[in-house]
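Note sheet for the following structure.
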Amino acid sequence: MTLEALVNYAKTYGFIYQGSEIYGGLSNTWDFGPLGVTLKRTLKDLWWHTFVTQDAHVVGLDSAILLHPKTWEASGHVGGFSDPLIDCKSCKTRHRADHLIESAGLGLSADGLSKETLEGMIKEHQIVCPNCGKHDFTPIREFNLMFKTGIGVTEESTQSIYLRPETAQGIFLNFKNIQRTSRQKVPFGIAQIGKSFRNEITPGNFIFRTREFEQAELEFFCAPGEEKNWFESYKAKMKEFLLDLGLDETHLKFEDHPEEKLSHYSNATTDVMYEFPWGFDELWGLASRTDYDLKQHQDYSGVNLEYIDPITNERYIPYVVEPSLGIERLFLAVLHDALEEEALENDTRTLLRIHPKLAPVQVAVLPLIKKRHKAMAEDVFKALLGEFRVQYDESGAIGRRYRRQDAIGTPYCVTIDDDSLEKNTVTLRLRDSMEQITLSLDELNPYLKKALTR
Ligand code: ATP
């Protein structure tokens, strides 16, 4: 499935539309339609369920998007959260220097390298502009990715403030509050899901890189020396989560950063890579961040953020392990993995072979003939509404209605026909095998419950 086909599919079926379309569109913004918002919510709910609800040592948070400006000085974002920007002097296109090097087809890796090193590499390998093929670039400039805005009503009283570029800092700011009020003992974690904003130099690849996106982040606080164990345990948990969503294991890669490539605050980092239509790219990051963040906030705020071990009375700043996931990237991976054009005997069908627990519509109720079967179909629909994600569709030939449900990934279609009226039975059609089975009306709900809570 090409990216273009995926974008068309997402629009045709109401998963994702171009943002502000009636005004000609606002580039790289996307709106999630009825099926899209349902899938996105389901993914967030499953993440929350797995990483928060099911774990007695993790609690949740929903912090503000606007944080005190000092937050971003302490975190290093004001000074260091920038991307290396380079312009082609010939065709005036703008590039991220590290991406320019990595996509040159030379197998080079440029992540986290200094401006000088990147410039040296571009020169040494005579890397050319992917747009015009010339090697004629400006020097690299560092471009800060944070969106700045003003808070306050009058010109004079306006204070500069940033939209958060990650949700994690809201967690660090609340570490002490949460530890005290929820009476958690280290080791414990704090999780949140929310919007983040980055003024990306080169947004693109559909919803993969946008300026506004959602992150699901978790900061797990542990005693110094224990972070590597927690790191490995989260790595395993993340893998299990992705496989449980039905992603094909061969489309996933866990890439450990080599020692020399680690950020100054990190003693272990792994990128979870998924094979998107353009190749493997980052889906989820896992970083062991030592005590860097809490120490910085302690220094900048003057508030003591140490933890006192209740048994040993030892005081220390906890170490942190952070899994950080982009919800839209997960959405894209799930859609890409499930979507196929399946060849049938004399035909093809668009099939979204998505895990039933993720399907935006889990059950479709279809009267075979509208006039005759509508009343009973509506009763069946009403009985299932609220129990499952269910849709009623009475228009068009039954074959076409099945195809539409296949295309949006509906695992079960319930058809009401003459037998239903006479014998109180329904026909259940299965998406993947297209097999049809007969169930009595009484069996329907328990059958679906069992099938959909697997
Ligand atoms: P990249 O190298 O792709 O720019 P990153 O390493 O800067 O990503 P992190 O800061 O580690 O990303 O953010 C954690 C996660 O948030 C990423 O793994 C990704 O899933 C998601 N993410 C980051 N930037 C974006 C974006 N611009 N659009 C969508 N998701 C994003």
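Atoms considered below: every heavy atom in the structure, side chains included; atoms not considered: hydrogens, waters and symmetry mates. As the structure lists them, so they are numbered: ligands from 1, and atoms in each ligand from 1.
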Starting from the C-alpha separation in whole Å, work towards a yes-or-no answer on side chain to side chain contact (heavy atoms under 4.5 Å, CB included) for Y13 and R404.
-> CA-CA 9 Å; Y13 290 99; R404 193 187 139 73; 3.7 Å; yes
Check step by step if ring-ring contact (aromatic ring centres under 6.0 Å, His included) holds for Y17 and W30.
-> CA-CA 6 Å; Y17 313 115; W30 303 98; over 10 Å; no
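Proximity annotation for atom 15 (C) of ligand 1: of S324, A216, A333, S324 comes nearest, heavy atoms only. Of the candidates E200, R198, R96, the one placing a heavy atom closest to atom 27 (N) of ligand 1 is E200.
Between K235 and E240 no salt bridge is recorded (no basic side-chain N to carboxylate O distance below 4.0 Å). A salt bridge is absent between R349 and E341; no separation between the charged side-chain nitrogens and carboxylate oxygens falls under 4.0 Å.
With a 4.0 Å heavy-atom cut-off, ligand 1 is reached by the backbone of L283 but not by any atom from C-beta on. Neither the backbone nor the side chain of E166 has a heavy atom within less than 4.0 Å of ligand 1.
No heavy atom of E328 sits closer than 4.0 Å to any atom of ligand 1.
Where the criterion is an N or O separation shorter than 3.5 Å, residue side chain and backbone included, G326 meets it with respect to ligand 1. Considering backbone and side-chain N/O atoms, L325 never comes within less than 3.5 Å of an N/O atom of ligand 1. Among the atoms of E217, none of the N or O lies under 3.5 angstrom from an N or O of ligand 1.
If you look at F208 and W278, their ring centroids are closer than 6.0 Å.
In this structure, E219 CD and S324 OG are separated by 8.0 Å, a value rounded to the nearest 0.5 Å.
Proximity of a side-chain donor or acceptor of E217 to a complementary backbone N or O of T167 within less than 3.5 Å is detected.
Near F208, meaning under 4.0 Å from any of its heavy atoms, are these atoms of ligand 1: 28 (N), 29 (C), 30 (N). Near G285, meaning under 4.0 Å from one of its heavy atoms, ligand 1 places the atoms 18 (O). Set against the non-hydrogen atoms of T210, the atoms of ligand 1 under 4.0 Å away are 26 (C), 27 (N), 28 (N). For ligand 1 and E282, the ligand atoms under 4.0 Å from any heavy atom of the residue are 6 (O), 11 (O), 12 (O), 17 (C), 18 (O).
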With a 3.5 Å cut-off and sequence neighbours excluded, list the donor-acceptor pairs that the side chains of residues 269-276 form with protein atoms.
{"unit_1": "T269", "atom_1": "OG1", "unit_2": "S266", "atom_2": "OG", "d": "2.8"}
{"unit_1": "T270", "atom_1": "OG1", "unit_2": "D256", "atom_2": "OD1", "d": "2.7"}
{"unit_1": "D271", "atom_1": "OD1", "unit_2": "H257", "atom_2": "NE2", "d": "3.4"}
{"unit_1": "D271", "atom_1": "OD2", "unit_2": "H257", "atom_2": "NE2", "d": "2.9"}
{"unit_1": "Y274", "atom_1": "OH", "unit_2": "A333", "atom_2": "O", "d": "3.4"}
{"unit_1": "Y274", "atom_1": "OH", "unit_2": "H336", "atom_2": "ND1", "d": "3.0"}
{"unit_1": "Y274", "atom_1": "OH", "unit_2": "D337", "atom_2": "OD1", "d": "2.4"}

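Note on residues 109-119: pairs passing side chain to side chain donor-acceptor pair (under 3.5 Å), not counting sequence neighbours, are S109-K261, S114-T117.
Protein heavy atom closest to atom 3 (O) of ligand 1, with residue, atom name and distance, is R209 NH2, 3.0 Å. At the top of the distance list for atom 22 (N) of ligand 1, counting protein heavy atoms only, stands F213 CE1, 3.6 Å. Ranking protein heavy atoms by distance to atom 16 (O) of ligand 1, first place goes to Q215 NE2, 3.2 Å. Nearest non-hydrogen protein atom to atom 19 (C) of ligand 1 is R329 NH1, 3.4 Å.
For H125, the NE2 atom counts as densely surrounded, since its 6.0 Å shell holds more than 12 non-hydrogen atoms of other residues, nucleotides or ligands.
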